[in-house]
Amino acid sequence: MAKAIFYHKDGSGYKDVRGQLYHFPKMYLSRVQQALGDWIVYYGPLTGMPSRYYSGLARVTAIDDDQELPDHHYARLADYIDFDRPLDYRENGGSSDSW
């Protein structure tokens, strides 16, 4: 199974609910399907903080069509876990190999 990183930004035009629903356009459907049943990492800016961060994990449990917006979908998420602290994507030189 594939691992994935889901970009999330509070206040974006997507109808995300952190840890529950991830709203995305059709162009990403095949990638999200590869993560079905697996864990994803949340990545993006956090309110009131500079830069972008890895901030939590969730498991993709299902993928549904958006009934209101053509060519968009929802990944249903479960088992959401916040990291103990946000991890700046540049931390330790910006490589996940240094975590």
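When all heavy atoms are compared, the tightest approach of I5 to Y54 is CD1-CE2, 4.0 Å. The two residues A35 and V60 come nearest to each other via the heavy atoms O-CB, 3.6 Å. The shortest non-hydrogen separation linking R52 to P45 is CG-N, 4.1 Å. The two residues L29 and F24 have their closest heavy-atom pair at CA-CE1, 3.6 Å. Of all the heavy atoms in T61 and L77, the pair that sits closest is OG1-N, 4.2 Å.
Judged as a salt bridge (charged side-chain N to carboxylate O under 4.0 Å, His left out), and not counting sequence neighbours, the contacts of R76 are D64. Residues meeting the side-chain contact (heavy atoms from CB on, under 4.5 Å) test with E68, sequence neighbours left out: K15, D66. Here D79 pairs with R59 under the salt bridge (charged side-chain N to carboxylate O under 4.0 Å, His left out) rule; sequence neighbours left out. Every ring pair (Phe, Tyr, Trp, His ring centres under 6.0 Å) that Y42 has, sequence neighbours left out, goes to H8, Y80. Residues meeting the side-chain hydrogen bond (donor to acceptor under 3.5 Å, both in side chains) test with S12, sequence neighbours left out: none. A search for ring pair (Phe, Tyr, Trp, His ring centres under 6.0 Å) contacts involving H72 returns H23, not counting sequence neighbours.
Proximity of F83 to P86: side-chain heavy atoms (C-beta onward) are nowhere separated by under 4.5 Å. Taking the side chain as every heavy atom from C-beta outward, F6 and D16 never approach each other to under 4.5 Å.
Residues L21 and V41 do not share a hydrophobic cluster, clusters being chains of Ile/Leu/Val/Met/Phe/Trp/Tyr side chains in contact below 4.5 Å. One hydrophobic cluster holds both W39 and Y28 under the rule that ILVMFWY side chains link at heavy-atom gaps under 4.5 Å. Hydrophobic cluster membership differs between Y14 and L46, with clusters built from Ile, Leu, Val, Met, Phe, Trp and Tyr side chains linked at under 4.5 angstrom. A continuous path of hydrophobic side-chain contacts links I81 to L87 [ILVMFWY only; heavy atoms under 4.5 Å].
Using a distance-only test at 3.5 Å, with no hydrogens or angles considered, a donor-acceptor pair links the side chain of Y53 to the main chain of P50.
Defined by atom type and a distance below 3.5 Å, a donor-acceptor pair is missing between the side-chain atoms of S55 and R85.
If you take OH on Y7 and OH on Y22, they are separated by 9.0 Å, rounding to the nearest 0.5 Å.
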